[in-house]
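Report on one structure; see the data block that follows.
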Protein chains: 2
Amino acid sequence: MPSSNRRVTQQDIARMTGVSQTTVSIVLNERDDAAVRIAPETRERVLQAIRKTGYVADPIARRLADQRNRFLGVFTYEPVFPAGLGDFYHPFLVGIEECAERIGCDLLLFTSAPVVDGRRRIFHQDNRLRLADGCILLGRWLDPDELARLIAEGQPFVSVGRRDDAGGPVPYVGADYPTATVAQVRKAVELGHRRIAYVGEGAGAESHADRLRGFTTAVREAGITGVHVRFTEAADVMDQLREHGVTAIFVEEFADGAVLAEEAGRRALRVPDDLSLVALGDPTRPASTDLDFTGYRIPRREMGWQAVEVLSAILDGTGGETQRLLPCEPVAGATLAVANA
Amino acid sequence: MPSSNRRVTQQDIARMTGVSQTTVSIVLNERDDAAVRIAPETRERVLQAIRKTGYVADPIARRLADQRNRFLGVFTYEPVFPAGLGDFYHPFLVGIEECAERIGCDLLLFTSAPVVDGRRRIFHQDNRLRLADGCILLGRWLDPDELARLIAEGQPFVSVGRRDDAGGPVPYVGADYPTATVAQVRKAVELGHRRIAYVGEGAGAESHADRLRGFTTAVREAGITGVHVRFTEAADVMDQLREHGVTAIFVEEFADGAVLAEEAGRRALRVPDDLSLVALGDPTRPASTDLDFTGYRIPRREMGWQAVEVLSAILDGTGGETQRLLPCEPVAGATLAVANA
DNA sequence: ACCGCTTGCTAATGCGTATTAACGCCGTAA
DNA sequence: TTACGGCGTTAATACGCATTAGCAAGCGGT
């Protein structure tokens, strides 16, 4: 019952028991080496003092000695807890947290990263990434220059989502968009579609490029016609698609799919009877629709989980593949049907 | 370009620059005492080395020496990122993150706290709360023993949600349930209700007790009849309420309200024509209902924000009220109408 | 009596930072 | 010439813990 304000330290316990601080540390850590041992009665005396005072080792000092703080940083260009609902990032974080809990690490959210030109920056006046043992990077698009610098500086990190090389291979856990997209196109081909379209950027973020690549590959493989249309305005896009005689549309962004479906309705086109729609992934923006879209699901939670797993392996120096692609789960849905045009 | 795995230290910078570790520390902390000063050119040399290496002070060491590292801890008894949707805690975290970003602190999520007896514990073998400068505690119910210990040990923390004294006043930012509840009851009274009920625990968590207290106060004030029924099964509860001739029900839990509305429907009772329903706060569990409930909204985001504000004040030693109650915003809704019984 | 071995413990050190006291230098006043 | 004070920097230390090397005592064997 020390009324003093100061925390009880091993030194205090040592003095109370008439032993050295080292002894207290040894007893605490239950070390049973041949090299260092403590007589049972001494051990008991120390333990009693510990119990009496309610002593707990200071985690800060412990980690100083450890050379590891067991913090995993989480960096996102947007706020980690977005204000908007229908949150795309949430599942990743669920996986990240679950795995972090499992391996006994705390998560450090870099909320203090200053916002420049409308988004956070990794590198800035005082880059706090180093505060953690390693970091998870989250975002549809990561600045290649910043990635390159991370690699050059040898900072342990893992990206959620595949990334192109940036002056070296980038450790990542991504979704296998090409394979998943190819599967969707094949399904459409089997249903008789011969003129299909990819609607979206198809470039910029790796996840977009990967989808388009899968689309293009499958189109060539099947020997059918595939057009690529950037999304601008629903009416314009739909005009173009109709001109090309497209019967199935593959949308990069779920939300764009919802908008196109609406436009189709306006033109008295039934989905999927007159026009098929396939959503290449989950909504990244809120989208309102009653349709049960055909497409695939990004294994977000699993990606988060495995990203932490890979990071952990990197930190432990355990070998292992540092680039992983996870399969997307197909969703049957109700917007893809037999071609009819 | 140090390819070594070790993190860069002040000592490294010092060696690179040909100065002492002390000098580096001084430059870093921008100390401008009369007692200790550094020539501008030396300072510049050091700063360049720091920039080149991307050095950041080890937060652990800093905290050991300095007692501060600009981390704010966030402790929750449940996972911070819950798997379920319709997440009750999310808005609190949005506010917490926003304010943390504002004051330039990073957030440390204590995901590593081990689960004992089905929930996380603050105190255990190595309590990591101290790793942060201060902590935000989140949860419907916080163990009073753990709170008492936090207070006794003088750990800086703030609870989101009002808490009873635990061996001393608990710093908190809570919602003013009593006032908000009184207002709802008064509204019902004005509409002619004379026999009303409170459905819920009304005890245990402070937030429950506060609601019931408001209810009781208002009932007494109005000189009407108020009964308290614990929620068990919808049918049972409804039976009891009908026996008492209740015309307006105040539910502690939104979800229970939804269930009761359903039960009412089963008995051909129209809401609100035959029976009024008031929800005392937002859903804490997912609830499916088409009803636009009358009641009030808990200022969750604002509570999170202000909790960080209070914590920051505590850490700075700035005075100020450490117990705040925020008003709840009334929601007109469509489930409270003129009494009819 | 000496060596060698075991047992039980401690002194010393390092981890990375912040702080304090002090040191050497230079110029100026006494 | 000496004393002195401002300037720029550093050596030393503390923080609380873990770890390593090593010390002292006891004991059996030659």
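Residue numbers start from 1 in every chain, and the chains themselves are labelled A, B, ... in the order their sequence lines are given, proteins ahead of strands.
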task: Would you mind telling me which residue lines up with the more 5' stretch of DNA chain D, B/P40 or A/V36, judged by nearest nucleotide?
output: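 Going by which nucleotide is closer to the 5' end, it is B/P40.
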If you only use heavy atoms from C-beta on, which nucleotide in [options] is closest to the side chain of [X]?
X: B/I38; options: D/dT9, D/dC17, D/dA12; result: D/dT9
X: B/A57; options: C/dC9, C/dT17, D/dC17; result: C/dT17
X: B/Q10; options: C/dT19, C/dC9, C/dA18; result: C/dA18
X: A/R62; options: D/dC17, D/dC7, D/dA21; result: D/dC17
X: A/A65; options: D/dA12, C/dG8, D/dG16; result: D/dG16
X: A/R31; options: D/dT19, C/dT10, D/dA12; result: D/dT19
X: B/R37; options: D/dT9, D/dC7, D/dT19; result: D/dC7

How long is the line joining [atom1] of [X] and [atom2] of [N], in whole Å?
X: A/N29; N: D/dT20; atom1: CG; atom2: P; result: 12 Å
X: A/L64; N: D/dA18; atom1: CG; atom2: P; result: 12 Å
X: B/R63; N: C/dA18; atom1: CZ; atom2: P; result: 13 Å
X: B/D66; N: D/dC15; atom1: CG; atom2: P; result: 14 Å
X: A/Q67; N: D/dC17; atom1: CD; atom2: P; result: 17 Å
X: B/R68; N: C/dG16; atom1: CZ; atom2: P; result: 23 Å
X: B/L131; N: C/dG16; atom1: CG; atom2: P; result: 17 Å
X: B/I13; N: C/dG16; atom1: CD1; atom2: P; result: 13 Å

Reckon [X] has a side-chain N or O less than 4.0 Å from the OP1 or OP2 of [N]?
X: A/S20; N: C/dT10; value: yes
X: B/T22; N: D/dT9; value: no
X: A/T9; N: D/dC15; value: no
X: A/Y55; N: D/dG16; value: no
X: B/T23; N: D/dT10; value: yes

query: With a 4.0 Å cut-off, would you call B/R51 and B/E44 a salt bridge?
result: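 So B/R51 pairs with B/E44 through a salt bridge.
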- prompt: Is the shortest distance from a Lys or Arg side-chain nitrogen in B/R301 or B/E98 to a carboxylate oxygen in the other one below 4.0 Å?
  reply: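 Looking at B/E98 together with B/R301, the answer is yes, because their closest N to O distance falls below 4.0 Å.
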message: Considering every strand and a 4.0 Å limit on heavy-atom distances, what is the contact class for B/Q21: base, sugar-phosphate, or nothing?
response: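 B/Q21: base contact, heavy atoms under 4.0 Å.
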- prompt: Within the structure shown, what part of the strands sits under 4.0 Å from A/V24 by heavy-atom distance: base, sugar-phosphate, or nothing?
  reply: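 Contact class for A/V24: none.
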- request: Mind telling me whether A/Y89 and A/F92 have parallel, tilted or perpendicular rings, with 30° and 60° as the class edges?
  value: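 Ring orientation of A/F92 relative to A/Y89: tilted.
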- prompt: When the aromatic ring centroids of B/F71 and A/F71 are compared, is their separation below 6.0 Å?
  reply: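 Yes, ring centres under 6.0 Å apart.
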Value rounded to 0.5 Å, distance of CG in B/L64 from CG in B/D58: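 It is 10.0 Å, given to the nearest 0.5 Å.
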message: If we count only N and O atoms by modelled type, under 3.5 Å, do the side chains of A/Q11 and A/Q21 hold a donor and an acceptor together?
response: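 Result is no, nothing qualifies.
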